[in-house]
Amino acid sequence: MEKLNLGHKNIVPNSIKQVLTMLKYSLLDYVGSRRFFVLLIIVAIIAIMLTAVMAYFRPADSLASPLSFYSNWWGESSTLVIILSAVFFGGDAISGEFQNKTGYFLIGNPIRRSAIYIGKWLAALMASLAILGVFALITIGNGLYYFGLSGLPSQFLEALLFSIFYMVSALGLTFFFSSMFKSSTVAILTTVILLLFAFSLIQALVANLAHVEPWFIITYGAQIISNVLMNPYPPHVSTTSVHSAAGSIASSKAISITTYNASIFEGLMILAAYFLVTIIIGPILFERKEFT
Amino acid sequence: MANPLLQAINLTKRYGQFTALSNLNIKIVGPKCVGFLGPNGAGKTTTLKLFTDMIRPTYGHALINGVDVHKNKKIALSMVGTLIETPEVYPSLTEKEALFMIAEIKGVPHKFLERSVKEVVNKVKMKRWLDQKVGKMSKGMKQRINIAAALLGDPDIILLDEPTSGLDPRGMSEVREIIKDLKKEKKLIFMSSHLLSEVSEICDEVALINHGKLMAYGPINEVTSRFSNGRTAIIEVSTIRPLQSSVIKRIRKINGVRGVDILDTKRFNLRLFGGIDAQQKLLESLVKLRIGVISFKPSASALEETYLSVFKETV
């Protein structure tokens with residue numbers, strides 16, 4: 001048999017090059033996977049349904065101005081697309097290395113686990129951005145149909161940018177939870193429950209009942225995506241008194257509901273904090289986890 | 001090229017109260033094949049995982065070419081090929097992409113990537129499926145890709161955990177041939193296996209482990225002799241010419257020989273009483289008989305007897 005002698009000596013690349021290698025092949029894996037197409041179909045269905053509703057019912061509040069159109073369309077649904085992408089590409093990105101045993105193919109090589117983590121994270125971000133990009137294109141397509149090129153408000157571009165920040169942050173969080181668990185199912189369920197339900201619930205309880213600004217919750221920070229599409233930008237704090245239904249106003253007990261809205265700066269800081277904390281702790285957790 | 005070196009110093013791995021590996025001390029130097037034997041749960045895979053930084057030692061050190069794997073993984077594993085358990089490859093990648101990924105991680109220069117991958121793929125006979133997605137392949141095909149990945153970058157040291165697992169008989173035979181070729185290329189191969197015939201056929205040395213403790217390590221002859229103390233060792237001899245019955249009678253009369261079992265016209269097993277010295281004298285006697293000895297090795301059954309003897313005693 002032919003001897004492997006290529007007359008060269010391998011020099012293990014530095015970690016940055018290895019991150020790029022992981023990025024390249026993880027992206028190929030993501031884009032070629034069934035889940036990419038499933039998510040693409042889900043996003044297409046959401047967009048088609050929105051298009052159909054808009055075309056058939058022609059809701060007056062949505063079509064009143066370009067800003068209200070983008071607010072109702074992008075402000076209401078882009079976070080769902082972002083969360084779905086983060087869960088689809090990040091939910092089992094690290095836990096799958098253990099459960100599916102793909103880690104055994106990689107870890108025995110001269111590469112740091114943090115390089116694998118970062119490379120996969122970047123690949124997940126690119127795949128997610130592709131999905132978000134498709135949704136944005138359909139949104140803009142509809143906007144152009146109803147309002148023309150001049151009807152593309154600058155606030156939408158801001159919202160798009162904030163959506164990318166939220167994507168970065170949400171992916172950091174899903175990768176973090178994925179590195180906490182060896183079971184993909186547990187990791188995915190945890191992130192789905194947190195991002196779709198738990199954070200919103202905690203945010204509502206903390207703001208409305210405890211009257212404390214939920215500055216520590218990622219979904220609170222992500223509200224800047226929809227808020228920036230409002231004119232004027234909603235106030236930082238607003239309190240509404242609600243009277244119980246039974247009895248007269250004079251005899252009933254008033255309940256005050258406090259609503260908080262993060263300023264753009266505050267929202268960006270929350271998203272940045274989530275990203276920074278998770279992108280630092282996640283790789284450490286992955287480094288420490290054993291392939292038993 | 002310096003002699004490849006694998007060394008464990010007081011290597012210990014505990015999971016709570018359970019000790020998976022206890023104070024393993026072993027030094028394997030130079031190009032050779034070492035079989036790593038032991039029953040299930042003996043600590044074989046744990047040892048290999050410690051040598052690849054898949055798990056951390058509780059204490060002790062796993063050194064490759066003098067470099068602590070846990071402290072400096074990238075340098076320690078820079079010239080190592082590994083196959084631990086039965087890895088899975090990202091299912092949406094093609095075979096070619098998966099191997100390119102590993103080659104790039106290992107630092108195979110860009111201009112040699114194509115050729116490196118082609119060579120390892122030829123070795124494991126997977127050339128036809130280069131552009132097929134790994135997710136659609138059988139377990140045996142995936143294991144061949146895993147072996148190919150371990151060979152990428154022309155490593156000096158190859159760590160294999162039951163490399164023929166999941167392969168059909170032809171695949172197993174081909175992997176054995178690959179390992180034999182690697183031996184010729186002056187590599188150090190450290191492989192765990194449950195197949196004693198495989199180890200006996202391929203390996204020069206054997207390490208026996210049980211309950212996380214090293215029971216024996218050395219050349220197969222030496223280890224089988226040590227444990228055949230007071231018993232009969234079985235030596236398999238092959239000759240270049242068919243044996244005459246008169247010669248067989250003379251062989252039976254050699255000091256220490258307790259019996260001759262003819263396997264075929266040019267191959268027979270000798271049951272020999274005594275240790276390594278007796279084996280040396282037997283070989284000298286056979287050479288003097290001018291029967292054209294071309295192979296003289298402990299038979300697989302000798303290793304099996306040793307295995308059963310060692311692991312019966314430790315249960």
Side-chain angles (χ1 to χ4, degrees), chain A residues 1-15 17-37 92-93 96-116 119-120 123 127 286-292, chain B residues 15 20 46 48-49 51-56 73-94 97-98 100-109 111-112 115-116 119-120 122-123 133 135 145-146 149-155 159 177-178 181 184-185:
Chain A
M1 197 175 284
E2 191 184 359
K3 186 184 178 298
L4 259 180
N5 184 5
L6 300 173
H8 66 85
K9 188 79 181 166
N10 305 328
I11 297 168
V12 177
N14 62 41
S15 289
K17 280 187 182 170
Q18 289 185 324
V19 163
L20 295 177
T21 300
M22 283 308 304
L23 160 63
K24 180 167 79 176
Y25 292 102
S26 299
L27 188 60
L28 277 174
D29 183 47
Y30 282 139
V31 173
S33 68
R34 195 179 295 161
R35 75 175 67 184
F36 183 82
F37 290 101
D92 66 342
E97 297 290 345
F98 295 91
Q99 186 171 305
N100 305 331
K101 287 195 152 191
T102 46
Y104 288 82
F105 190 67
L106 289 168
I107 299 292
N109 291 294
I111 181 169
R112 287 181 204 284
R113 292 186 195 188
S114 49
I116 296 172
K120 290 196 80 171
F286 186 36
E287 290 278 1
R288 295 192 61 79
K289 209 152 233 116
E290 297 195 324
F291 282 81
T292 48
Chain B
Y15 297 101
T46 299
L48 288 165
K49 284 180 177 176
F51 270 109
T52 48
D53 200 37
M54 288 188 170
I55 54 176
R56 290 184 301 279
K73 178 188 172 182
K74 277 183 79 170
I75 293 178
L77 293 180
S78 61
M79 288 308 289
V80 180
T82 63
L83 167 56
I84 310 296
E85 292 198 355
T86 43
E88 288 289 331
V89 183
Y90 294 141
S92 299
L93 294 185
T94 63
E97 288 164 348
F100 263 64
M101 175 173 73
I102 298 298
E104 287 179 35
I105 285 172
K106 286 184 171 182
V108 174
K111 59 181 176 178
F112 294 117
R115 198 174 148 195
S116 290
E119 287 197 35
V120 294
N122 281 338
K123 278 200 172 197
K133 284 191 177 183
I145 294 175
N146 290 330
L151 302 182
L152 276 168
D154 197 19
L159 306 175
E177 289 307 313
I178 290 169
D181 283 334
K184 289 176 198 162
E185 293 171 21

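Just so we're on the same page: letters track the sequence lines, and every chain starts at 1.
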List, one per line, each side-chain donor-acceptor pair under 3.5 Å for residues 75-84 of chain B, sequence neighbours excluded.
{"unit_1": "B:S78", "atom_1": "OG", "unit_2": "B:I75", "atom_2": "O", "d": "2.7"}
{"unit_1": "B:T82", "atom_1": "OG1", "unit_2": "A:G108", "atom_2": "O", "d": "3.2"}

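Between A:S33 and B:S92, the shortest heavy-atom distance links the atoms CA-OG, 3.2 Å. Residue B:R56 comes nearest to A:K289 through the heavy atom pair NH1-N, 4.3 Å, listed as atom of the first residue, atom of the second, then distance.
Contacts of A:D29 with chain B are made by both backbone and side-chain atoms, with heavy-atom separations under 4.5 Å. In this structure, no portion of A:K17 lies under 4.5 Å from any heavy atom of chain B. Of the atoms belonging to B:K49, it is side-chain heavy atoms, and not backbone ones, that fall under 4.5 Å from chain A. Of the atoms belonging to B:A20, not a single heavy atom falls under 4.5 Å from chain A.
Partners of B:E88 by salt bridge (charged side-chain N to carboxylate O under 4.0 Å, His left out), not counting sequence neighbours, listed by chain and number: B:K142.
Here the side chain of A:K101 pairs no donor or acceptor atom with the backbone of B:E85 at under 3.5 angstrom. Checking side-chain atoms of B:K73 against main-chain N and O of A:I107 turns up a donor-acceptor pair under 3.5 Å. With hydrogens and angles ignored, the 3.5 Å screen pairs a side-chain donor or acceptor of B:K74 with a backbone N or O of A:P13.
Residue B:Y90 holds its OH atom at 3.5 Å from NZ of A:K120, rounded to the nearest 0.5 Å.
Interface remark: of the candidates B:T94, B:L93, B:I105, B:I105 forms the most heavy-atom pairs closer than 4.5 Å to chain A. Contacts with chain A were tallied for B:I145, B:I102, B:T52, B:D53; B:I102 has the most, counting heavy-atom pairs under 4.5 Å.
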